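In this text the structure is predicted, and so the values were computed from the model without any measurement. Below, chains carry the letters A, B, ... as their sequence lines are ordered, and counting in each starts from 1.
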Amino acid sequence: MQSLCYIKLPHSAFPTPHSHIPMTTSSATYTPAEIEAKWQHYWLERKTFKAVDCDPTRPKLYVLDMFPYPSGAGLHVGHPEGYTATDIVCRYKRMKGFNVLHTMGWDAFGLPAEQYAMETGTHPAVTTQKNINRFRQQLQSFGFSYDWDREIDTTDPKYYKWTQWIFTQLYKKGLAYKAEVAVNWCPALGTVLANEEVIDGHSERGNHPVVRQPMKQWMLRITQYAERLLDEGEALDWPAGTKEMQRNWIGKSTGAEVDFQVVGRPEKIRVFTTRPDTLFGATYMVLAPEHALVAALTTPAQQAAVAAYQLAAKSKSDMDRTEAKDKTGVFTGSYALNPVNGEQIPVWISDYVLISYGHGAIMAVPAHDTRDFEFARKFNIPIRAIIRPDVAAAAKAEVSVDAVLAGTACWTGDGEMIASANAEVSLNGLPVDTAMTTICDWLAAKGLGKATTQFKLRDWLFSRQRYWGEPFPVAHLEDGTEKIISDAELPVLLPELADFKPTGTLDPPLSKAKEWLAYTDPGTGRKGLRETNTMPQWAGSCWYYLRFADPHNDQAAWDPAKEKYWMPVDLYVGGAEHAVLHLLYARFWHKVLFDLGYVSTPEPFKKLVHQGLILGISYRDGRGFPVANDKVAHRDGSHFHLETGEELVEYPTKMSKSLKNVVNPDEIVGQYGADAFRMYEMFMGPLTDAKPWNTAGVEGVYRFLHRAWKMIVGPDGALAPQIQDAPLPRDQERLLHQTIKKVGDDYEAMSFNTAISQLMIFVNEFGKCELRNRQAMAAFVQLLSPMAPHIAEELWQRLGHADTLAYAPWPAYDEEKLKLDTLEIVVQVNGKPRGKITVAAGADAAAVEAAAQADLKVQEHLAGKTVVKVITVPGRLVNLVAR
RNA sequence: GCCGGAGUGGCGGAAUUGGCAGACGCGCUGGACUCAAAAUCCAGUGACCUUAUCAGUCGUGCGGGUUCGAUUCCCGCCUCCGGUACCA
């Protein structure tokens with residue numbers, strides 16, 4: 001493919017268009033509303049933050065926010081937290097010379113819009129557009145430096161055309177298939193429900209019973225990528241916890257599969273076990289109730305009990321099953337042969353064995369597995385110890401070795417193999433790993449089993465019985481064949497249905513679109529029906545970061561040259577709630593696209609950061625019950641119940657409508673301005689920590705911005721008279737250079753709260769000074785600008801600069817100027833600080849030590865003692881150890 | 001239960017490699033300005049002891065340990081938050 005890439009001149013090379021908002025302001029006081037409108041207008045109109053494709057002259061930086069679902073409620077204070085952090089990084093890096101890609105879009109397909117539509121009769125497309133407009137307006141009011149020309153919307157046919165195209169790529173690679181899968185079917189509502197809409201086996205709305213109903217579903221073979229998703233995730237610069245969660249989700253375990261011959265029948269039961277070394281301890285087997293062999297293995301006498309159990313299991317959701325604390329099960333009446341010792345062991349069914357993992361059947365070793373132990377105890381099945389517990393380990397775990405050997409206690413730890421031998425092989429006395437390979441070799445030689453690997457990860461259920469999603473590019477032809485829609489026929493438009501309510505049958509809403517449903521193959525003229533399932537919300541968010549590299553391309557999903565230039569995403573910031581699903585699905589698609597040669601990197605997101613939750617302030621009474629904020633009176637720093645007068649305790653919780661502790665960012669911006677809002681969000685604490693919102697805290701940064709303003713703007717609106725070109729005194733110069741270093745280092749580390757502290761220290765000092773060097777003021781404004789860009793642009797302009805400061809080179813600091821002439825050294829006696837001495841910066845250890853010993857206070861503490869040791873930390877302290 | 005993260009003043013938080021705990025901000029107290037208030041500015045603000053100063057003792061969830069020295073490292077616990085759920 002030929003590159004569509006071209007080099008554009010930076011925006012400043014073009015003449016500036018006219019403007020309706022005055023581009024010079026002269027007010028003497030800090031008026032956030034006025035200057036924020038002015039600069040937001042300026043940036044939008046001049047496209048200040050346009051990312052330049054394939055610019056070879058600058059290093060690129062792709063900084064991505066998790067794009068929001070544009071809900072009807074608008075943004076809450078949690079959204080702008082991560083967005084502010086990335087905006088600071090972007091603005092900082094532009095000044096450091098990077099070509100920054102920073103974009104925003106809308107993950108706009110999904111359930112809430114459809115539900116809202118059904119309640120109000122408004123079409124989801126209408127609600128979605130309205131919500132998007134609101135979100136865009138809100139995000140622009142924060143002054144985020146997005147390249148708005150790259151805005152994308154997953155519900156736009158120009159976008160989902162390519163979502164469908166990627167599906168065709170997966171399909172052609174054999175990674176998409178249909179399978180019978182149980183869905184949550186609610187007969188009363190006549191619809192299929194998503195897992196999150198089902199609570200305790202009942203529908204979230206209406207509380208109607210929900211049953212598990214098998215249905216043909218599209219599945220994606222993510223399991224084929226399990227190993228690579230695991231291995232290639234290791235090296236990523238992601239939070240360790242997130243990588244760990246993905247590892248657990250993928251859930252690789254190594255072990256063996258073993259065949260057990262059914263007694264008196266031709267069938268074999270295949271099981272997966274991670275502990276083939278415990279085969280001699282297997283005293284029964286368990287099949288999942290849904291296992292295909294259950295019918296064949298059930299003896300006439302057990303028929304009724306087995307059927308009843310199967311029925312009960314069917315009506316339970318996975319959740320119900322796992323919440324059951326007591327083990328349940330039914331004997332099938334059949335026996336199988338333990339391959340290592342030829343013993344006949346009973347075959348049971350129980351819902352503690354899951355049909356979807358391994359082979360849906362297990363060998364049970366009750367002596368050394370807690371679940372099997374509980375089951376065996378309940379049903380009086382023999383328990384045979386084949387590991388003698390390590391004495392020390394057993395003592396530590398408070399488990400009696402004798403009890404284990406007697407089969408009255410369970411031991412899952414290490415120990416010595418016993419009673420594990422047949423005529424051909426013995427595991428007795430072997431360590432676990434050797435026993436494992438020994439038995440696997442024996443099983444393989446006898447054709448009874450082999451070493452193998454299993455994953456917890458399942459294939460991805462990819463279809464939804466919903467209206468508001470991407471239609472599948474698939475048609476079912478009259479001759480029974482399935483056709484994947486050709487690229488030329490894409491997009492398959494979502495029909496504009498007026499009625500998209502559930503059909504009352506298992507057919508999805510799209511089956512109501514009669515005209516749309518009829519499909520004729522443009523090549524062969526063959527007729528058929530379109531697929532009526534839609535894709536899940538994950539689909540659009542699986543690749544949006546790629547589209548941002550080339551959002552308007554109608555010839556391809558993206559231009560390879562642009563993809564190669566911008567990818568991978570250098571920094572991705574978003575909530576930890578997406579740690580597994582979104583991030584794993586996106587990695588999966590990316591690897592498929594990589595294998596197909598459409599993208600240039602095997603991993604999409606180089607560095608990942610999760611912002612912490614912003615909590616609301618809540619109150620609870622003496623019994624610990626929460627009290628909604630509108631029922632709380634505040635007096636003298638204490639909190640009381642409006643009705644009962646009881647004193648309440650303040651504590652942080654997740655913001656919720658019911659507690660009335662949700663903070664609306666629009667109100668904060670309206671009252672204090674976007675700059676104060678942004679700074680407070682960053683000042684609350686470390687980005688990744690959960691932290692409580694306290695509106696009083698906004699006052700602090702708001703006051704700081706006022707002080708910063710007054711440091712530079714005089715009472716008449718002109719520059720403060722203290723601002724001059726005279727050189728900086730030594731102390732001020734040191735503070736300036738310290739501040740440049742500290743703020744830059746903190747931005748690199750995304751430690752914004754400490755950068756703000758340093759800027760506050762700077763203003764506290766310089767605000768007092770009668771001489772304020774103009775260059776120092778300009779540098780300060782630049783340091784401030786990533787966090788508070790509006791006030792910074794305004795002050796920059798007033799300091800005499802004609803152009804935006806967005807690309808003004810970041811100030812440099814001089815290591816030499818950070819140094820102090822004299823140092824204050826702490827003198828400790830036996831580790832306790834007892835005095836301070838002032839020494840010249842270059843003083844040698846002996847001189848410092850002598851000065852320390854000479855200090856009067858130190859001498860008091862040394863009285864009657866002998867200094868036996870002196871520890872000197874250069875430039876910091878002297879510790880005199882005395883006896 | 002398992003996995004991950006965190007416990008520091010009245011509150012949010014800071015502290016480089018183990019080197020003055022509490023930067024910065026909120027709140028509070030006192031003062032200046034004002035007819036008064038708000039705003040602003042100045043000073044103080046971990047606890048205890050002391051009339052106060054100077055000084056001293058204690059202090060980073062709890063109990064131990066290593067070290068001249070521990071918020072930081074090690075061992076054992078407690079509490080809170082997030083994730084996960086019988087994965088053989």
Need to verify one output field. Residue with the more 5' nearest nucleotide on RNA chain B, A:Lys832 or A:Phe455?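 Residue closer to the 5' terminus by nearest nucleotide: A:Lys832.
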
Quick one: on RNA chain B, does A:Lys654 or A:His359 contact a more 5' nucleotide (nearest heavy atom)?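 Of the two residues, A:Lys654 wins.
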
Please report the distance, rounded to the nearest Å, between [atom1] in [X] and [atom2] in [N].
X	N	atom1	atom2	value
A:Met787	B:G25	CE	C1'	13 Å
A:Gln738	B:A23	CD	P	17 Å
A:Glu577	B:C81	CD	P	18 Å
A:Leu615	B:C80	CG	C1'	12 Å
A:Trp249	B:G82	CH2	C1'	15 Å
A:Gln758	B:G25	CD	C1'	14 Å
A:Ile825	B:G69	CD1	P	20 Å
A:Ile761	B:G22	CD1	P	13 Å

Mind checking the [atom1] distance from [N] to [M]? Whole angstroms is fine.
N	M	atom1	result
B:U45	B:A38	C1'	24 Å
B:U53	B:C35	P	36 Å
B:G12	B:C2	C1'	32 Å
B:U40	B:C54	P	31 Å
B:A70	B:G63	C1'	16 Å
B:U79	B:C24	C1'	29 Å
B:G9	B:G13	P	11 Å
B:C81	B:U57	P	39 Å

State whether the side chain of A:His368 and the backbone N or O of A:Ile386 hold a donor-acceptor pair below 3.5 Å, judged by distance alone.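 It does hold such a pair.
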
Atom CZ of A:Phe752 and atom CD of A:Glu81: how far apart are they, to the nearest 0.5 Å?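 Those atoms lie 10.5 Å apart.
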
For RNA chain B, just give me the dot-bracket, please: Watson-Crick or G-U, both distances below 3.5 Å, ( ) intra-strand, [ ] crossing earlier pairs, | paired with another strand, . unpaired. (((((((..(((......[....)))((((((.......))))))(((.......)))..(((((..]....))))))))))))....

So what does [X] hit on the nucleic acid, given a heavy-atom distance under 4.0 Å: a base, only sugar-phosphate, or nothing?
X	answer
A:Asp372	nothing
A:Arg834	sugar-phosphate
A:His861	sugar-phosphate

Presence of salt bridge, A:Arg734 and A:Asp731, under 4.0 angstrom: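 Yes, this pair counts.
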
Would you name the heavy atoms of A:Thr283 and A:Pro382 that are closest together and state the gap between them?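 Closest pair (atom of A:Thr283, atom of A:Pro382, distance): OG1-O, 2.8 Å.
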
A:Tyr680 ring center within less than 6.0 Å of A:Tyr672 ring center: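 No, the ring centres sit 6.0 Å or more apart.
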
Quick check, are the ring centers of A:Phe272 and A:His359 under 6.0 angstrom apart?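 Centroid distance A:Phe272-A:His359: not below 6.0 Å, so no.
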
Among the nucleotides B:C24, B:C41, B:A85, which one has an atom lying closest to any side-chain atom of A:Ser757?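 Ranking B:C24, B:C41, B:A85 by closest atom to the A:Ser757 side chain puts B:C24 first.
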
Listed partners of A:Phe683 passing ring-ring contact (aromatic ring centres under 6.0 Å, His included), at least two apart: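 Expected list: none.
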
More than 12 heavy atoms of other groups within 6.0 Å of A:Asp689 CG: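 Buried by this count: over 12 neighbours within 6.0 Å.
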
Is any side-chain heavy atom of [Y] closer than 4.5 Å to one of [X]?
X	Y	result
A:Leu581	A:Leu584	no
A:Val878	A:Ile825	yes
A:Val867	A:Val881	no

Syn/anti label of B:G9 as read from its glycosidic torsion, with the cut at 90° from 0: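 Syn, since the glycosidic angle lies within 90° of 0.
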
Which parts of nucleotides 4-20 of chain B does protein reach within less than 4.0 Å, heavy atoms only, written one letter per nucleotide 5' to 3' as B for base, S for sugar-phosphate only and - for none? S-------BSS-B--BB

